[in-house]
Every structure is written in structure tokens, then in C-alpha cells.
Amino acid sequence: MSSKKKIGILGASGYTGADAVRLLARHPNAEITALTANTHAGKSMGDVFPHFFMLDLPKLVEWEKVDWTGLDAVFCGLPHGTTQEIIAAVLRANPNIKVLDMSADFRLRNKDTYAQWYGHEHRALELQGEAVYGLTEFYREKIAAARLVACPGCYPTAALLALVPLAKAKLIDVDDIVIDAKSGVTGAGRGLKQNTLFSEAGEGLSPYSVGTHRHAPEIEQEIGVAAGTAVTVNFTPHLIPMARGELCTSYVRLNGGATPDDLRAALEKAYANEPFVHVAKKSVLPQTQNVRGSNYVQIGVVADRIKNRAIVISTLDNLVKGSAGQAIQNMNLMFGLPETAGLQQIALFP
């Protein structure tokens with residue numbers, strides 16, 4: 001037990017925090033020693049999430065009551081806006097702790113872009129400049145050396161894994177990208193909201209935050225880095241009546257005589273040695289049920305009927321590779337552990 005890293009989870013009563021608990025509880029190199037949830041302080045995790053009845057976990061406490069000096073890493077599953085000052089306080093208490101932030105607070109590098117999209121100035125600018133964007137497949141070396149990792153949003157993870165290698169290879173026109181995204185209702189969090197009630201979300205498909213979703217600038221930031229130019233994408237998310245899972249269908253224009261087969265070949269080359277990203281064969285279409293409950297991503301390419309266009313489909317579990325799983329993947333890198341440790345679950349099907 002002494003060789004295991006001592007882990008804390010901020011916001012353990014939310015869906016991302018709970019999935020971090022689920023995965024870390026069976027991680028060979030992790031020991032969960034602190035769980036916070038200010039609104040549920042004093043309760044057990046089994047009280048808040050009955051499916052944890054078999055686990056011996058610490059009780060939930062207020063974050064201010066945790067002795068951060070005794071921890072090696074902390075996962076943050078708090079809502080955006082509340083995270084900045086809390087993480088700053090944790091790092092003041094223990095400057096050597098590793099921080100895996102699963103909120104949106106440190107993903108955008110430009111402070112003005114953050115203020116524009118989130119409606120207020122960043123409250124921890126010195127940390128915003130330090131944070132490393134945590135899309136593991138693209139920033140592996142920087143993540144390994146980081147103290148604070150800003151884990152990507154679920155939609156950006158699915159979209160960027162499908163599009164960044166194509167933008168970098170200049171196979172697609174980055175000024176003509178349309179991303180049609182769909183997510184299960186856990187992506188909206190566990191708080192009570194009218195649009196996620198069963199009778200409101202069930203048996204229907206609903207677009208939301210059309211033209212204003214805060215994952216758009218995150219996607220644009222990273223495609224822009226790959227392309228070497230500023231990028232604006234057309235991104236529309238939708239709510240699907242299922243608990244977990246996400247699928248992005250990206251419509252792209254091909255550059256310079258490139259073909260859909262060229263796109264597939266570029267993706268296969270980019271992910272040939274990646275443990276969690278799988279490029280589907282030409283005849284296989286990605287489906288959410290192929291990755292449910294796992295840290296895997298499945299990507300497929302299809303020729304469009306319109307000349308010089310292609311359709312790129314990517315799917316993941318929004319709570320695993322789209323959040324807690326990717327955070328654990330990054331933690332493994334930060335501690336020099338095998339990257340796949342604790343993350344080798346096969347998809348739950350049917």
C-alpha cells in the first residue's frame with residue numbers, strides 16, 4: 001500500500017468525480033484517501049452513489065478540511081468558475097501535488113478568449129499560463145513534466161482526435177469544418193435541470209447552445225495549433241436520451257486532390273502506436289456502444305457523395321476518455337506509470 005499514490009477527488013458527488021472513483025478504485029498504483037463534496041459532507045460515497053456499496057472509501061468532506069500536504073495528486077470535478085481559486089489554494093498548501101483538472105477552467109490559453117466565453121476574468125492567471133492541455137495523444141511529453149493538467153472537454157477530445165492529424169497533414173480545408181456532435185445526458189452534469197428530466201429528454205433529440213457552446217473555442221484553439229493559423233469551426237451539440245456516450249460527425253472539404261482513403265491512412269499512421277485510439281476499417285462505422293464504459297476512441301472515415309468532401313466519425317464515452325479516464329491516463333504519465341494502468345476495461349456491451 002505504501003507504494004501507491006495517495007489521491008484526492010474534488011467534487012466526488014458529480015458524474016465525472018464518481019467515474020474517477022470507479023476507475024481509481026481498481027487502479028494498481030492508486031489509493032483514494034480524500035473525497036470532497038461540500039453539499040454531501042459527512043455522507044459515504046455509497047449513500048450518494050449506491051453502486052459503490054462494496055468499496056471501502058473515505059467519507060465525503062468539505063474541501064477546506066482536507067490535509068492537502070499528504071496527497072500526491074488531486075482530480076478536480078468541480079463546475080467551471082469555482083475551480084480556479086480552489087486549485088490555487090490546494091497548490092499553495094502543497095506546491096508539489098499533481099493536479100488533474102476535469103473542468104474547463106484552464107483549457108483555454110488566451111485570457112481574453114476565456115473572458116469572452118466564460119463571462120468573467122480568469123481568477124488564477126499565473127496558473128492558466130502554467131497549465132498543460134491534457135489531450136494525451138498530442139501533448140504526452142509536456143503532460144509528463146507538468147504539475148497542472150487541463151483535461152480536455154468530451155466534445156473536443158472526440159473532435160480533435162479525428163481532425164488534428166488531418167489538419168496537421170494539410171489534407172483538409174480548416175476553414176470548412178462542420179462538427180455535428182451528440183452526447184448522453186451525463187454530459188450535462190448531475191444537477192437538477194429541466195431539460196435533462198426523463199420526461200423532457202427521453203424519446204427526443206435536442207440541439208443546445210447552438211453557435212455558443214464553450215467547447216467551440218477549445219476545438220478551434222487546438223486545430224489552429226495543428227494548422228498554424230486561426231480557425232473557426234461550425235460546431236453544434238445535441239442531447240441524446242441515453243446516460244453516457246458521445247459521437248461526433250465531422251464534415252470536411254478535402255485539399256489538393258486528397259481522398260477519404262488518404263484521410264484514413266493519415267489517421268492510421270498517427271495512431272499506429274496509441275493504446276486507446278482505434279481507426280476503424282473502411283467498412284466499419286463507429287458506434288457509441290463499441291466504447292461504452294471504456295477509455296477507447298473509435299474513428300472512421302467515409303466518402304461523401306459531394307465531390308472533394310469526406311465525413312469523419314468519432315465516438316467515445318464522455319465520462320471516461322472524455323473526462324475521468326483521460327485524466328487517469330494523464331496521471332499515469334505524470335508519475336511515470338504505464339499509461340494504460342487502471343484503464344484496460346473493455347466496452348460494456350450490450
Side-chain angles (χ1 to χ4, degrees), residues 14-16 19 77 79-80 101-109 113-114 117-118 133-139 150-167 174 177-189 193 195-196 201 205-226 231-252 276-277 286-288 291-292 294-300 311-327 329-330:
Y15 289 134
T16 57
D19 237 35
H80 70 265
D101 182 24
M102 299 182 289
S103 82
D105 277 4
F106 295 98
R107 295 172 187 161
L108 297 178
R109 299 185 184 92
T113 304
Y114 177 89
W117 283 86
Y118 287 90
Y133 190 69
L135 191 46
T136 319
E137 287 72 18
F138 302 150
Y139 293 104
C151 299
C154 50
Y155 286 129
T157 298
L160 293 170
L161 287 171
L163 298 174
V164 162
L166 308 181
V174 294
I177 298 174
V178 178
I179 303 169
D180 181 293
K182 299 175 178 66
S183 175
V185 294
T186 52
K193 303 180 185 73
N195 69 317
T196 60
L205 179 65
S206 306
Y208 67 100
S209 299
V210 178
T212 62
H213 197 283
R214 289 162 170 165
H215 283 179
E218 190 180 335
I219 294 169
E220 292 165 353
Q221 170 182 273
E222 296 304 315
I223 294 178
V225 169
V231 170
T232 302
V233 301
N234 187 318
F235 171 70
T236 303
H238 303 75
L239 195 66
I240 319 176
M242 62 184 190
R244 59 166 76 214
E246 189 167 290
L247 188 140
C248 287
T249 305
S250 300
Y251 303 89
V252 298
F276 294 116
V277 183
Q287 302 175 66
T288 59
V291 295
R292 187 174 188 267
S294 80
N295 200 52
Y296 292 94
V297 179
Q298 189 177 35
I299 305 174
I311 302 165
V312 187
I313 305 167
S314 50
T315 187
L316 51 70
D317 186 311
N318 58 295
L319 294 179
V320 189
K321 182 59 173 173
S323 188
Q326 183 152 238
Q329 191 178 351
N330 290 331

S.K.: Going by ring-ring contact (aromatic ring centres under 6.0 Å, His included), name the residues that satisfy it together with Tyr251, two or more places apart in sequence or in a different chain.
M.R.: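 Once residues adjacent in sequence are excluded, Tyr251 has no partner under the ring-ring contact (aromatic ring centres under 6.0 Å, His included) criterion.
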
S.K.: Looking only at heavy atoms, which two atoms of Lys321 and Val297 are closest? And how far apart?
M.R.: CG-CG2, 3.4 Å

S.K.: Testing Ile177, Val178, Val174 for side-chain contact (heavy atoms from CB on, under 4.5 Å) with Val233, which one passes?
M.R.: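 The passing option is Ile177.
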
S.K.: Sub-3.5 Å donor-acceptor pair from the side chain of Asp317 to the main-chain atoms of Gly245, do we have one?
M.R.: no

S.K.: Could you tell me whether Phe235 and His215 have their ring centroids closer than 6.0 angstrom?
M.R.: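 They do not qualify: ring centres at least 6.0 Å apart.
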
S.K.: For the residue pair Ala201 and Leu239, what are the closest heavy atoms and their distance?
M.R.: CB-CD2, 4.4 Å

S.K.: Please report the shortest heavy-atom distance between Tyr139 and Val225, naming the atom on each side.
M.R.: OH-CG1, 4.1 Å

S.K.: Filter on salt bridge (Lys or Arg N to Asp or Glu O under 4.0 Å), then keep only pairs touching residues 209-218, sequence neighbours left out; what's left?
M.R.: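 Every pair satisfying salt bridge (Lys or Arg N to Asp or Glu O under 4.0 Å) with a residue in residues 209-218: Arg107-Glu218.
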
S.K.: Quick check: does any side chain N or O of His238 sit under 3.5 Å from a backbone N or O of Ala181, one acting as donor and the other as acceptor?
M.R.: yes

S.K.: Within the distance-only criterion (no hydrogens, no angle test), does the side chain of Ser103 pair as donor or acceptor with the backbone N or O of Gly77 below 3.5 angstrom?
M.R.: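 Side chain of Ser103 to backbone of Gly77, a donor-acceptor pair under 3.5 Å: no, none is there.
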
S.K.: Between Gln221 (side chain) and Arg109 (backbone), is there a donor-acceptor pair under 3.5 Å?
M.R.: yes

S.K.: Begin from the C-alpha positions of Gln326 and Glu137 and carry the test side-chain contact (heavy atoms from CB on, under 4.5 Å) through to its verdict.
M.R.: CA-CA 10 Å; Gln326 183 152 238; Glu137 287 72 18; 4.0 Å; yes

S.K.: Is it true that a side-chain atom of Asn330 and a backbone atom of Gly134 form a donor plus acceptor pair closer than 3.5 Å?
M.R.: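 Yes: the side chain of Asn330 pairs with the backbone of Gly134.
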
S.K.: Say whether, by atom type as modelled, one donor and one acceptor occur between the side chain of Ser314 and the main chain of Ala158 under 3.5 angstrom.
M.R.: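 Flag set: sc Ser314 to bb Ala158 pair under 3.5 Å.
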
